S.K.: 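Let me give you the structure first, and then I'll get to my questions.
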Amino acid sequence: MEAQGPEGEIVSQLWIFDLILLIFLVLTAVISLKVRDLLSAAMIFGVYSFLICLLWTGMAAVDVAFTEAAVGAGVSAVFLISTVLRTSRRSSD
Amino acid sequence: MELLKAIVGGMNYWIFIILMMIGLYAMITKNNLVKKLIGMSIFQTSILLFFISLAVKEGATIPILHHDQAHAKQGDHGEGGKHSDPSHKGKEAASAIEEGKEKPSVSHAGSSKIDPDRFTNPLPHVLMLTAIVVGVSTLGVALSITQKLYTEFGTIEENEILDQLKSGDD
Amino acid sequence: MKALGFIAVLGTGLLLLAASRDFPNWGDPDSPASSYRLSRHFITETINETAVPNMVTAVLADYRGYDTLFEAVVIFTAGIAVIGILRRYGSRNSIPSARETPLTPKKPDLIVESTVRLLIPIIQIFALYVIAHGHHSPGGGFQGGVIFGASFILLALARDLKAAQNWVAEKRTLILACCGILIYAGIGVLCQFLGDNFLDYQILHRILPTDPVMARYHSILVVEIGVAFTVTAIMFSIYSNLSSNGKMKEGI
């Protein structure tokens, strides 16, 4: 990002990486809502949060990415898992 | 290249809207309360992504000043003045002139003036940073309500809870 | 229900997709959010006014101090709400429907325990670094607080809730959370007593041996520590309530 080359060079460098992240983002979101085992859903939601963290690093929002890595991928997944283990693990849909 | 830029830029916004739709659909139609909450979190993150994407500037770096820039600026009010000795100042000016070649409109006379276009907009970052942490604590409240419902009804499926409530009324 | 929900979602999505043509171009430096003079002021003047290189930290704790104070209060309220909803004292109402017993018999695992024992001090040191170095690198009270709370959660996961509560008992957790809010609000009230606005830190140079700019610099650190206290305590409190179903006896 340091070298500010001709117009559009940065875009052409990064857009494939961006596209892969976005596709995986949608995939993990759909899978975590589709899977019937709630423990797996919570884990895949953690993966989703981590992908968002990567996306934010690409958008130069390092503070937000750091927070998301700590909160989304760490603590909120733990909250979900502890609730799933305390209630029932199976989901009807 | 212009077309590619337009597609790549639009693609991000479209994905955010698709994520929002996924989250909203899960919140409306899913039967399991934990699934509903995961949908709510996906909805929330799509909005956060949209806000952060408004802060993106092409060719801009993270909103943290480089050490040299910071010390050169701090020299103005005594603190850290020892860092900005004359030779250092000269180097700063040289690099500033080098930058000036690319953007002649911005004048870098003498001191290293901070160019707002070189840094991403910090304001949306701040708003969303606090929103993430507040989001996780509200998720905690929602999950605790889920656990309370489980102790009351023995299930976290919405239709079974509604059935039990209906049969309790009769 | 499903079809109705799908139609509603599709309608919302199509409306937003139609509106996305009016969004600013991706990465456009002249978009309204980026060209407005407030954000330009934050980028160019933060270093002169507060001497903090990390603009996000400065805006978070100084320019938008009100916002952050009440975000911290929201987190505190959420923690209290979880306790109010879930916490059950004593064994008066023994509802057997919730899963009372731990799901796996707790046997101390040598590998997990040794790893966690080595890891927790490092995590905590890193959390303190993140809080203290938030002026110069990504970090600050929220992130450091969450990491510090996560170290206790890790201990509770690896051993059991009792082990973590030996370090931070329930009562102490809440006192810590209150302390955080009080530190933050206290700085604001102190500014008011000295004759300036609430949370206007530069007046503090009268009692600190520095100039107004560095007074703001140091007050940001104090405020971040307050936020970190609250976040640490509330994260651990929510976890211990959720994992023990409000009994605070055995975790997951």
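Below, chains carry the letters A, B, ... as their sequence lines are ordered, and counting in each starts from 1. The model shown is predicted, which means the values in this text are computed figures rather than measured ones.
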S.K.: Of the listed residues (B:L149, B:N159, B:V56, B:L49), which shares the most heavy-atom pairs with chain A below a 4.5 Å separation?
M.R.: B:L49
S.K.: Could you list which of residues 34-44 of chain B have a heavy atom closer than 4.5 Å to any heavy atom of chain A, in residue-number order?
M.R.: B:V34, B:K35, B:I38, B:G39, B:S41, B:I42
S.K.: I need the B:I22 CD1 to A:K34 NZ distance, nearest 0.5 Å.
M.R.: 10.5 Å
S.K.: How long is the gap from CG on A:L38 to CD1 on B:I156, to the nearest 0.5 Å?
M.R.: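 Here the interatomic distance stands at 5.5 Å.
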S.K.: Taking all non-hydrogen atoms of both residues into account, name the closest pair between A:A60 and B:P63 and its distance.
M.R.: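 Closest approach of A:A60 to B:P63: O-CD, 3.5 Å.
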S.K.: Give, for atom CG of B:N32 and atom OG of A:S92, the distance between the pair rounded to the nearest 0.5 Å.
M.R.: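 Going from the CG atom of B:N32 to the OG atom of A:S92 covers 6.0 Å.
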S.K.: List the atom pairs, with distances to 0.1 Å, where a side-chain N or O of residues 64-84 of chain A and a protein N or O form a donor-acceptor pair under 3.5 Å, not counting sequence neighbours.
M.R.:
residue	atom	partner	partner atom	Å
A:T67	OG1	A:D63	O	2.8
A:T67	OG1	C:Q143	NE2	3.1
A:E68	OE2	A:S49	OG	3.4
A:S76	OG	A:G72	O	2.8
A:S82	OG	A:V78	O	3.2
A:S82	OG	A:F79	O	2.9
A:T83	OG1	A:F79	O	3.1

S.K.: Among B:L33, B:N121, B:I64, B:N31, which residue has the highest count of heavy-atom pairs closer than 4.5 Å to chain A?
M.R.: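 Winner by heavy-atom pair count: B:N31.
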S.K.: Side-chain polar contacts of residues 10-21 of chain B - donor-acceptor pairs under 3.5 angstrom, sequence neighbours left out - could you list them?
M.R.:
residue	atom	partner	partner atom	Å
B:N12	ND2	A:D18	OD2	3.4
B:N12	ND2	B:V8	O	3.0
B:Y13	OH	C:P24	O	3.1

S.K.: Can you tell me how far CG of B:L48 sits from CD1 of A:I52, rounded to the nearest 0.5 angstrom?
M.R.: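 These two atoms lie 7.5 Å from each other.
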S.K.: Is any side-chain heavy atom of A:M59 closer than 4.5 Å to a side-chain heavy atom of B:T120?
M.R.: no
S.K.: In terms of heavy-atom proximity below 4.5 Å to chain B, should A:L55 be classed as side chain, backbone, both, or neither?
M.R.: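 Side chain only.
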S.K.: In terms of heavy-atom proximity below 4.5 Å to chain A, should B:T29 be classed as side chain, backbone, both, or neither?
M.R.: backbone
S.K.: Tabulate below the donor-acceptor pairs under 3.5 Å that side-chain atoms of residues 134-142 of chain B make, not counting sequence neighbours, or state none.
M.R.:
residue	atom	partner	partner atom	Å
B:S137	OG	B:V133	O	3.2
B:S137	OG	B:V134	O	2.9
B:T138	OG1	B:V134	O	3.1
B:T138	OG1	B:G135	O	2.8

S.K.: Yes or no on side-chain contact (heavy atoms from CB on, under 4.5 Å) for A:L33 and B:Y25, after CA distance, side-chain angles and deciding distance?
M.R.: CA-CA 10 Å; A:L33 290 170; B:Y25 182 70; over 6 Å; no
S.K.: Working to the nearest 0.5 angstrom, can you tell me the gap between A:R90 CZ and B:E157 CD?
M.R.: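 So the gap between those two atoms works out to 7.5 Å.
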